[in-house]
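Working notes, structure below.
Position 1 is the first residue of the sequence; numbering continues from there.
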Amino acid sequence: MEGFARAVEDGLKLSKRLVLPGGLPPPRPLAGMDRGVGGGGGGDASVAALLLPSAPMAYAVVTDPGAVDTPDVPSYQPYVYGRLDPPALIPLQMKEVDLSVDCALGEAAVTVRARWWLHCITRSRDCDVRIVVPMGDQGSILGAEVTVGRRSYNTQVIEVEDHTTENAAKADSGGLLKPQLFYLTISQIEGGADISATIRWSQKLHYDNGRFSVDIPFRFPYYVNPLPKVFMKREKIQLTVNSGFSKEVLLQGTSHPLKEKGRQGEKLSFRHEATVENWSSKDFNFSYSVYSGDLSGGVLVQPSTLRDYDDRDRFCIFLLPGGGNRKVFRKAVVFVIDTSGSMQGHPLENVKNAMSTALSELTEGDYFNIITFNDELHSFSSCLEKVNEKSIASALDWINLNFVAGGGTDIMHPLNEAMASLSSAHDVLPQIFLMTDGSVDDEHNICQTVKTELISRGSKSPRISTFGLGLYCNHYFLRMLASIGRGHYDAAFETGSIESQVLRWFRKASSTIVANISIDATAHLDELEIDSEYIPDISAKSPLCISGKYQGKFPDMVTAKGYLADMREISIELKVQHIKDIPLDKVLAAQQIGLLTAKAWLSSDKQLERKVVKLSIQNSIPSEYTSMVLLQTLEKVDAAQKVKQKLKGHKGPDEPRRIPLQCLKLGFGDRAATRENLVTGFGDVKPLETFEILNKAAGCCSRLADCLCCMCCIKACNKMNDQCAIVMTQVCAAFACLGCYECCAELCSGSDS
């Protein structure tokens with residue numbers, strides 16, 4: 001994202017050309033910006049982070065600096081020759097924003113409505129506008145609509161077979177810039193125009209110690225605030241919470257002043273609306289708890305609708321670990337860590353740090369071992385070690401010596417070794433924690449072999465939790481392996497989030513309080529299909545959500561049974577509730593699509609693929625078998641407008657545009673990249689873009705065209721002709737408008753030689 005931050009930095013410098021209404025100065029660039037992003041030093045990284053969007057933003061994509069001016073009151077700045085490649089991004093001022101959040105079970109559905117105006121481009125010119133929206137934890141885009149004048153755009157999910165490239169746009173038209181950072185580019189918007197957008201996404205609720213919380217990126221930088229005398233800023237936030245159970249919901253905290261507007265059964269609604277001097281400068285956070293002294297939950301059922309992918313009814317079993325201090329199972333843990341060549345650098349360092357913390361959180365009575373693998377296998381010990389200060393210290397020393405990246409990737413051998421070592425574990429819960437960044441040829445065989453082995457061991461079979469690093473591993477293989485192993489799957493797609501994500505995954509999977517869960521509903525139903533392969537254990541760190549389809553009639557009460565850490569059996573009575581207020585199909589869609597895609601991958605079942613396609617289209621969530629596109633709604637234009645559009649290169653009403661959006665799929669792993677040990681399988685590792693001002697003056701020396709803002713023509717060639725002098729003046733003006741005054745001074749002083 002350094003290239004993005006650099007483009008915003010350039011845009012803020014370009015905005016110095018603006019003279020806002022009332023003669024007020026434009027926003028000043030952030031401190032430290034004069035040195036440039038990426039110029040070295042820790043301060044540059046912090047400046048770059050401040051320039052990344054922390055709330056829904058819109059940017060003018062400027063390739064011609066001469067178009068930068070206030071739409072209504074010309075500033076009469078000197079004309080600037082040349083073009084910007086890559087373009088500068090000028091943050092647009094925002095007129096309105098409305099945030100709506102609906103929390104149900106473990107999901108939050110978020111809708112943001114905003115309106116910006118193209119305040120930095122003169123009305124006689126146009127430019128593209130890029131809308132960028134940061135989503136929260138494990139965010140999945142659900143759709144977007146954009147309106148500009150008489151043009152409107154909306155996203156749509158279509159089957160991959162329907163996708164044609166004859167009217168496809170350039171690759172930067174939309175998609176994910178990085179995980180949880182969605183963007184759309186709308187082309188050819190005239191200066192002074194308003195841009196209205198509605199963006200919807202879903203994200204996970206955090207759960208910690210009985211408390212649910214939602215965090216929405218909502219920190220707007222000061223330079224998107226329009227003048228208070230020109231625009232009255234009204235901030236609106238709406239929030240609904242539906243626990244789904246007949247339990248009391250307790251408000252724990254909120255970042256913004258919310259007033260309770262209604263309480264109906266399990267559903268609460270809150271609202272905040274106020275005239276503000278500046279847009280929100282902090283993220284929106286809301287936390288609540290569902291009163292439960294002990295393990296509790298319910299069965300939510302909902303009839304199918306006409307648009308469902310099949311005619312069976314839908315159910316969701318939701319279990320809360322409760323606020324009680326249930327004892328966590330003692331465990332025997334084997335860490336299976338990929339140390340192939342592609343893990344070198346930050347990925348392996350972050351895994352090493354997370355491993356050190358995870359080992360320190362094991363308690364006396366636990367057992368552990370560590371296996372690293374690439375082409376070869378290395379074990380910390382030949383058997384399980386008891387957790388004590390001496391063994392943990394020895395393990396940390398071993399990690400520092402043996403966590404060295406090199407070689408290829410072989411997963412089956414270390415998995416077999418881990419399962420074999422756990423066969424001797426007694427009176428503890430055996431667990432395997434697998435971390436890898438690669439994809440291998442025998443993944444189907446691994447799943448089938450592990451499934452056979454676990455079935456043969458019965459209730460004493462080890463739990464297998466999996467963690468994928470980056471984009472080259474097969475996340476559906478890892479999800480399926482975790483489902484077979486009744487464990488937990490998670491992933492990190494950015495190097496900076498590896499350590500925190502690994503620790504969250506480990507803590508959830510290692511905090512089992514009820515194991516070997518069974519549900520007695522099958523005796524009362526004609527058919528019951530669960531989305532996951534098996535029912536996972538209940539963790540103290542996370543609610544358990546089991547979804548699926550059924551035929552027949554649920555009884556009024558269902559009993560869930562399992563075993564506690566002291567091996568006593570526990571029964572949990574679950575009330576069956578027929579609900580209308582919670583759209584179960586929407587709330588569960590992302591989880592269902594992920595699990596069904598993993599099943600379809602393993603079985604190569606075309607019928608399962610069709611189910612995923614229907615679920616994906618029905619709920620507007622892109623999948624491996626569908627694509628999300630941006631459609632431009634046809635507009636009615638008169639003859640004069642048709643001529644104007646044709647001259648500008650617009651498509652006419654007979655040529656509807658369908659723009660494919662990028663990077664919304666994980667894929668099924670990249671075996672070629674794994675074999676070659678490529679290390680750039682993270683969304684935040686991209687080739688750095690360069691910033692150039694391209695000058696096309698005829699007769700200029702060839703080396704002048706290669707000058708960047710840190711070089712000058714005189715020093716490059718040690719001579720200057722008349723054409724060089726003309727172009728040098730233009731370059732100096734461009735540097736000045738970008739705030740590169742030091743370069744301009746250096747260039748001018750060089751001309752004296």
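- Contacts of K508 classified as side chain to side chain donor-acceptor pair (under 3.5 Å), with partners at least two apart in sequence or in another chain: none.
- For S439 (side chain) and G669 (main-chain N/O), no donor-acceptor pair under 3.5 Å exists by modelled atom type.
- In terms of modelled atom types and a separation under 3.5 Å, the side chain of S483 and the main chain of R479 share no donor-acceptor contact.
- Looking only at atom types and distance, the side chain of T363 has a donor-acceptor partner in the side chain of D366 under 3.5 Å away.
- The closest donor-acceptor contact from the side chain of D375 to the backbone of G408 lies under 3.5 Å.
- Nearest heavy atom pair, residue Q203 against residue M135, reads OE1-C, 4.3 Å.
- Residues D338 and T436 bring a donor and an acceptor atom of their side chains to less than 3.5 Å of each other.
- D437 and S342 form a side-chain donor-acceptor contact under 3.5 Å, judged by distance and modelled atom types alone.
- Side chain of K665 to backbone of T626: a donor-acceptor contact under 3.5 angstrom is found.
- The aromatic ring centres of W505 and Y489 sit 6.0 Å or more apart.
- The neighbour count for H378 NE2, taken as heavy atoms of other residues, nucleotides or ligands under 6.0 Å away, is above 12.
- Ionic pairing of R675 and D441 is present here: one or more N-O contacts between side-chain nitrogen and carboxylate oxygen are shorter than 4.0 angstrom.
- Between F329 and Y563, the distance separating the two ring centers is not shorter than 6.0 angstrom.
- Here K204 does not pair with D137 in a salt bridge; the nearest charged N to carboxylate O distance is not below 4.0 Å.
- Crowding of E569 atom CD: a count of heavy atoms from other residues, nucleotides or ligands under 6.0 Å exceeding 12.
- Side-chain contact annotation: S213 with S287, donor-acceptor N/O pair under 3.5 Å absent.
- Side chains of Q252 and R211: a donor on one and an acceptor on the other come within 3.5 Å.
- The backbone N or O of K386 sits less than 3.5 Å from a side-chain atom of S391, completing a donor-acceptor pair.
- Ring pair W398/F380 is perpendicular by interplanar angle, where above 60° counts as perpendicular and below 30° as parallel.
- Smallest separation of non-hydrogen atoms from S510 and V328: O-CG1, 3.6 Å.
- For S616 (side chain) and V612 (main-chain N/O), no donor-acceptor pair under 3.5 Å exists by modelled atom type.
- With a 6.0 Å radius and a threshold of 12 heavy atoms from other residues, nucleotides or ligands, K541 has its NZ atom at or below the threshold.
- By the 4.0 Å N-to-carboxylate-O rule, D427 lies too far from R330 to be salt-bridged with it.
- Between Y367 and H426, the distance separating the two ring centers is not shorter than 6.0 angstrom.
- At least one donor-acceptor pair closer than 3.5 Å links the side chain of H444 to the backbone N or O of W601.
- Without hydrogens or angle criteria, N474 side chain to V440 main chain gives no donor-acceptor distance under 3.5 Å.
- Taking 4.0 Å as the cut-off between side-chain N and carboxylate O, D605 and K599 do not count as a salt-bridged pair.
- Environment of CG in N209: sparse, with no more than 12 heavy atoms of neighbouring residues, nucleotides or ligands closer than 6.0 Å.
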**OP:** Decide yes or no on side-chain contact (heavy atoms from CB on, under 4.5 Å) for Q592 and L615, but give the supporting numbers first.
**Re:** CA-CA 8 Å; Q592 287 180 319; L615 263 176; 3.9 Å; yes
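- Q501 and S497 share no donor-acceptor pair across their side chains, judged by distance under 3.5 Å alone.
- Here E527 does not pair with K549 in a salt bridge; the nearest charged N to carboxylate O distance is not below 4.0 Å.
- A distance of 6.0 Å or more separates the ring centres of F368 and F335.
- Under the 4.0 Å criterion applied to side-chain N and carboxylate O atoms, R312 and E529 are assigned as salt-bridge partners.
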Subject >> Intermediate values then yes/no, side chain to side chain donor-acceptor pair (under 3.5 Å), Q591 and S547 >> reply: CA-CA 9 Å; Q591 173 178 296; S547 61; 3.2 Å; yes
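- Using modelled atom types and a 3.5 Å distance limit, the side chains of E573 and T559 yield a donor-acceptor pair.
- Among all heavy-atom pairs drawn from S461 and R463, the shortest one is O-NH1, 3.0 Å.
- Listed here is the closest heavy atom pair of F467 and A491: CZ-C, 3.6 Å.
- A donor-acceptor pair is defined here as one N or O able to donate and one able to accept, closer than 3.5 Å; no such pair exists between the side chain of H475 and the backbone of G667.
- With 3.5 Å as the limit, one finds a donor-acceptor pair spanning the side chains of R486 and N516.
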